[in-house]
Each structure stands twice: as structure tokens, then as C-alpha cells.
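What you see is a predicted model, and the numbers here were worked out from it, not measured in a lab.
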Amino acid sequence: MTQLDVRPEVGDTVSGGAPEGGVRGKGLGKGSVGLVGSAVIGISTVAPVYCLTSTLGSTAGEVGVQMPAVFLAGFLPMLLVAFAYRELNKAVPDCGTSFTWTVKAFGPRIGWMCGWGLVIATIIVLSNLAGVATSYFWLLAGEITSNPAISALDDNKLVHIATCLTLIAAATAISYRGMTATKGVQYTLVGLQLAVLAIFVVMAFQKAGTGTFDTGLDFSWQWMNPFAVQSMAAFTAGLSLSIFMYWGWDACLATNEETTGSAKTPGRASLIAMVVLVGSYLATGIAAQMAVGSGTVGFGLGNPETSGNVFAALAGPVMGPMLGILLFVAVLASATASLQTTFIPVARTVLAMSTYEALPPSYAKVHPRFKTPGRATVMAGVATGAFYTVMTLVSENVLTDTIFALGLMICFYYSLTAFACAWFFRGDLRKSTRDLLFKGVFPVLGGLLLASVFFKTLYDAWDPSYGSGSTIPGLGVGSVFVIGVGLLALGVVVMFVTERRSPAFFRGEILTKSTPALVVED
């Protein structure tokens with residue numbers, strides 16, 4: 001595909017109109033991010049320290065000592081899907097990523113729903129990130145002042161929500177100011193969290209070696225055997241959590257129009273991010289399990305009283321009171337960094353959908369100075385604040401349930417993107433063994449694995465005991481099922497409303513397989 005220079009002049013905005021030839025420029029800043037910066041954005045969006053404190057205990061609670069094996073099992077479909085993203089990005093380096101590619105492969109309606117899945121998944125994780133950042137803000141404040149009353153402020157819903165909304169507003173403002181501002185903050189925050197995580201791993205191994213905790217375990221290669229999980233339901237639940245822990249690496253691709261070497265750099269950056277993540281997760285999971293075990297008592301990772309926030313329980317016992325504060329800082333930095341960068345994929349997906357007339361044209365406006373999708377970024381911030389406020393008021397287990405629901409959304413749009421790759425390149429599959437594997441076999445296999453997790457999770461989530469065990473009053477089904485299916489159903493409704501306002505896109509007149517890649521030249 002030809003890469004065209006369609007970037008408007010400074011001060012121009014794009015509101016859905018097409019210049020001559022049908023090409024729509026988006027006006028994003030050219031060459032703002034290189035390979036390292038792109039990889040850092042991918043790692044930051046995933047937020048490894050935040051993911052570990054949120055899901056390490058929950059995963060151990062589901063699969064026991066096979067937790068490291070499930071981390072590897074979750075990495076496999078993500079790696080296979082990453083190959084699909086890389087190949088699609090080479091051909092169509094468009095900031096709409098999954099939305100754009102799926103429309104080109106399967107048509108406007110399936111593509112629109114894929115874009116909706118990405119947007120909703122991002123809003124869910126943004127709300128969760130803000131919640132974790134808020135909790136650790138007050139925990140850290142209490143630790144620094146040695147005043148438990150300050151830490152207890154997080155239990156006050158009014159204070160918690162107000163703090164959460166403040167953090168969301170701050171992250172929105174930074175993202176609004178563009179990739180240069182975002183990148184500068186990220187180098188510091190990502191470096192800090194990875195360094196502290198490495199210290200935790202080393203000290204956990206030391207505690208395991210000295211047998212500090214009675215619940216500690218000796219390492220066994222059996223931990224790496226996924227077939228030893230006690231049941232398929234437990235394996236699927238653990239796998240859903242593991243998949244969530246890798247989600248966000250595709251932010252590298254959402255910045256492709258702002259990256260130097262837009263056809264190759266984002267794909268390489270995403271693979272670098274994935275390697276860093278799987279290494280961090282395996283090292284931390286094994287070290288923590290050797291130090292405190294995966295049981296349900298004491299400091300065991302599976303203890304339901306601490307599993308939702310493992311590092312809050314282990315910081316002091318493993319690292320000591322002084323260094324333990326560093327772990328609180330790392331979790332706060334991780335959640336805050338990810339809160340900022342996670343605005344990148346949702347804002348740029350909304351920008352692309354609006355540019356192609358799949359959403360109202362006002363969201364296609366790019367800030368003339370910062371070269372960011374300003375209105376789309378603000379919309380994402382408002383939607384995140386509203387979602388978290390509502391969920392916090394109606395559910396006591398909002399963090400746990402939204403993570404499980406997020407797993408559904410991730411499997412939904414990643415699997416569609418993987419299948420779109422194979423269909424989009426179906427004419428190339430016989431050209432070479434490489435094309436067959438990387439454009440066909442690997443993406444389809446990854447898509448099938450994620451689709452299987454999606455449907456198995458739906459089946460299991462019908463049971464009210466799934467996730468946190470909370471239910472929606474009067475419905476008799478689990479909160480995870482209601483959140484996941486309800487948000488997808490809402491997407492169908494919004495799609496039909498949008499179709500009435502923008503019929504040209506849904507007739508297939510705006511975005512087709514032959515539409516040129518809409519990026520600037522490097």
C-alpha cells in the first residue's frame with residue numbers, strides 16, 4: 001500500500017470530509033516517537049507492577065501453584081496475535097488499528113463492533129487503573145505520615161471517588177498535550193517501576209532461601225505445567241486474568257502515525273514490550289510463590305483477604321518498612337503511568353472512527369498545537385470518570401469484577417483482529433512459508449485460542465459465584481456476565497443509532513480494502 005502525505009497544515013482540523021482521491025488525513029504529529037519510546041509506551045500501558053498487584057493473588061487463587069504456567073499460557077495467544085498486528089501494520093499503518101483493519105477485512109459492522117470493543121476495554125481499564133492509583137495514593141500517604149487514619153480515607157467513598165476523578169483529569173490533561181509530553185513522563189515512571197520490581201524479586205528470593213515465611217515453597221518445574229490445573233473452569237479463569245496482564249502492548253501500534261518508521265517500528269516495539277512483560281511476570285510470580293506460597297492463609301498469594309492487592313500485603317514483610325514504601329511508590333507510578341498512556345489507543349481509535357465517518361465528525365478534530373485528538377481524549381476521560389463512579393456506587397467489588405469483564409472485551413477484539421489478518425492476506429498465504437505462518441496460521445491459532453476463552457468465560461460468568469461472587473439484584477446472574485454482555489449489547493445499540501446518522505460508512509462507501517494507508521511519509 002502507498003503511504004501518502006496527507007497531514008493538514010498547522011491550524012487545520014479534520015471533521016470527516018475527504019480531500020481529492022478519498023484520502024482522509026488525521027493531522028497527528030509526525031515522527032514524535034522512536035523505537036525505544038514506542039516500546040516504553042507499550043510497557044507503560046500494560047503497567048506490569050499494577051497488573052501484578054491486581055491479579056497475582058487472584059490468579060494463584062484460581063490455579064494454585066500453576067500460576068507461572070498460566071502466565072506462559074496467556075503469553076502464547078498474545079504473541080500469536082502480536083504477529084497479526086505486525087503484519088497488518090506493515091500493510092496499513094493506521095492509528096485506527098483493530099477498527100480499521102477489521103473493517104477492511106470483514107466490513108463496516110463487524111469492524112465497528114471491534115472498535116467498540118477496544119474503546120470499552122480501554123475505558124474499563126482506565127477506571128480500574130484510576131481506582132488502584134487512588135488506593136495506593138492514600139496508602140502511601142498513610143505510610144509516609146505513619147497515620148492509619150489517612151490511609152483509611154480510601155475507605156470513604158466520597159473521598160475515594162473525588163481523588164479518582166482528580167487523577168483521571170490530570171492524566172487526561174497530560175495526554176491532551178501530546179506525545180512529547182507523554183513520552184518524557186513515561187521514561188521516568190517505567191524505569192522506576194521496573195527497578196523496584198527487580199528489587200522485590202531479589203528480596204523475595206532471599207526470603208525464600210532463608211525460609212522466612214512458613215507458607216513458602218521450594219521451586220518445582222511442575223509449576224510450569226498448565227495441564228496440572230485442577231479444572232478447565234479454573235484454567236480458563238486464570239487464563240482470562242493472565243490475558244488481562246498482557247493487554248495494552250498494542251498501544252505501540254496506535255501511535256504508528258506518530259512513529260518514525262511507521263511500517264516497522266511499532267511492530268518491533270510491541271514484541272520488545274511483550275518479552276519484557278513475560279520475563280517480569282515469570283520472575284515475580286516464581287519469586288513470590290517461593291517466598292510466601294500460593295495458599296489461602298497468612299501471606300499466601302491466594303488469601304482472599306489480600307489477593308486483590310498483593311503488594312499492599314507483601315511490601316513490608318518482604319522488603320521491610322523503608323523499602324516497602326518504594327513498592328507502594330512503584331504501584332502508584334505504574335498505575336499513574338498507564339492511566340496516562342492508556343488514553344493513547346482509545347483517543348486514536350475514536351479519531352480514526354470519526355475520520356472515516358463511523359462516529360460524529362467532531363471527534364476527528366486534532367489540536368492545532370499539540371497535534372492530538374483533543375476532543376476524543378477528553379471524551380475518554382469523561383467516560384472513564386462516569387463509568388468508575390457508577391460502578392463504585394453500585395458494586396463493592398468493582399476492581400475485581402471489571403478486571404474479569406475486561407478479559408472478555410480483550411478476547412473479543414483481539415480475536416477479531418487476528419481473524420481479520422488471515423482474511424485480509426488470504427491472497428498472500430501461498431506465496432511463501434513465511435506468509436503462510438505469520439499472516440495465516442499464527443493469527444488464526446491465536447484468534448481461536450482467544451475466542452475459546454471468550455465463550456468459556458461467558459459460560460462460566462453466568463454463575464453468580466464467578467469473579468468476586470457479586471450479583472446484580474433481581475437478575476440472578478454474576479456481575480461479570482452482566483457487565484461484559486451489557487457493554488457489548490450497548491455497542492450494538494449505539495452502532496444502529498450511528499448508522500442512521502452516518503449511512504455512507506455502513507454502506508461500505510468510506511473505508512474499503514483498497515483505501516490507501518492514511519499516514520505521513522517518514
Side-chain angles (χ1 to χ4, degrees), residues 35-57 59-60 67-68 70-72 74-75 78 129 132-133 136 139-140 143 185-213 216-217 219 223-224 242 245-246 248-249 269-294 299 301 306 309-338 340-341:
L35 177 62
V36 175
S38 184
V40 166
I41 287 173
I43 295 169
S44 176
T45 304
V46 175
V49 179
Y50 148 76
C51 286
L52 284 165
T53 195
S54 297
T55 58
L56 191 64
T59 306
M67 179 244 306
V70 171
F71 285 171
L72 280 175
F75 173 72
M78 287 300 189
L129 284 163
V132 170
Y136 270 88
L139 280 172
L140 181 60
E143 288 290 326
V185 174
Q186 291 308 315
Y187 282 128
T188 301
L189 295 180
V190 169
L192 171 65
Q193 61 177 297
L194 291 180
V196 175
L197 189 60
I199 295 172
F200 173 84
V201 169
V202 170
M203 297 190 74
F205 277 129
Q206 289 177 343
K207 292 293 190 295
T210 57
T212 303
F213 305 103
L217 300 172
F219 175 78
W223 295 357
M224 314 302 289
S242 177
M245 293 177 70
Y246 292 103
W249 55 267
S270 66
L271 292 176
I272 292 172
M274 293 282 280
V275 170
V276 172
L277 291 169
V278 71
S280 300
Y281 292 158
L282 283 176
T284 306
I286 292 172
Q289 193 157 273
M290 289 178 65
V292 300
S294 60
F299 291 117
L301 297 176
T306 59
N309 199 343
V310 166
F311 288 153
L314 296 184
V318 173
M319 300 180 69
M322 296 301 295
L323 289 178
I325 292 178
L326 274 181
L327 192 54
F328 286 169
V329 173
V331 176
L332 179 59
S334 181
T336 303
S338 184
Q340 179 194 333
T341 54

Item to check | side-chain hydrogen bond (donor to acceptor under 3.5 Å, both in side chains) partners for T59, two or more places apart | outcome: none

Item to check | From I286 atom CD1 to L217 atom CG, the distance as rounded to the nearest 0.5 Å | outcome: 12.5 Å

Item to check | Minimum-distance pair of heavy atoms, taken over all atoms of M290 and F219 | outcome: SD-CB, 3.8 Å

Checklist outcome for this item: Sorted by chain and number, sequence neighbours left out, side-chain contact (heavy atoms from CB on, under 4.5 Å) with A333 holds for L189, L192

Checklist entry - Within a strict 4.5 Å, meaning less than it, do heavy atoms of the L314 and L301 side chains meet? => result yes

Next on the checklist: Nearest 0.5 angstrom please: M245 CE to L56 CG, how far?
Outcome noted: 6.5 Å

Next on the checklist: Any non-hydrogen side-chain atom of V329 less than 4.5 Å from a side-chain atom of E143?
Outcome noted: no

Item to check | For A291 against K207, the heavy-atom pair lying closest together | outcome: CB-CB, 4.5 Å

Checklist outcome for this item: Separation between CD1 (I199) and CE (M319), nearest 0.5 Å, reads 5.5 Å

Next on the checklist: Run the side-chain contact (heavy atoms from CB on, under 4.5 Å) test against A287 and tell me which residues pass, sequence neighbours left out.
Outcome noted: V201, A204, F205

Item to check | Any residue meeting side-chain contact (heavy atoms from CB on, under 4.5 Å) with S242, in chain and number order, not counting sequence neighbours | outcome: V70, F71, Y246

Item to check | Heavy-atom check, side chain of L52 versus side chain of V310, under 4.5 Å | outcome: no

Checklist entry - How far does OG of S294 sit from CH2 of W223, to the nearest 0.5 angstrom? => result 8.0 Å

Checklist entry - Can you tell me how far CG of L277 sits from CD1 of I272, rounded to the nearest 0.5 angstrom? => result 12.0 Å

Checklist outcome for this item: When rounded to the nearest 0.5 Å, the distance separating CG of L197 from OG of S334 is 9.0 Å

Next on the checklist: Please enumerate all residues that pass ring pair (Phe, Tyr, Trp, His ring centres under 6.0 Å) together with F213, with sequence neighbours excluded.
Outcome noted: F299

Item to check | Minimum-distance pair of heavy atoms, taken over all atoms of L323 and M203 | outcome: CD1-SD, 3.7 Å

Next on the checklist: Holding to ring pair (Phe, Tyr, Trp, His ring centres under 6.0 Å), I want the full list of residues that pass it with F200, two or more places apart in sequence or in another chain.
Outcome noted: F311

Checklist entry - What are the two closest heavy atoms between V132 and S54, and how far apart are they? => result CG2-OG, 3.9 Å

Item to check | Closest approach of A330 to Q193 (non-hydrogen atoms, all atoms of both residues) | outcome: O-CB, 4.0 Å

Checklist entry - Got a donor-acceptor contact below 3.5 angstrom from the T53 side chain to the V49 backbone? => result no

Item to check | Least distance between heavy atoms, V196 atom then L326 atom | outcome: CG1-O, 3.7 Å

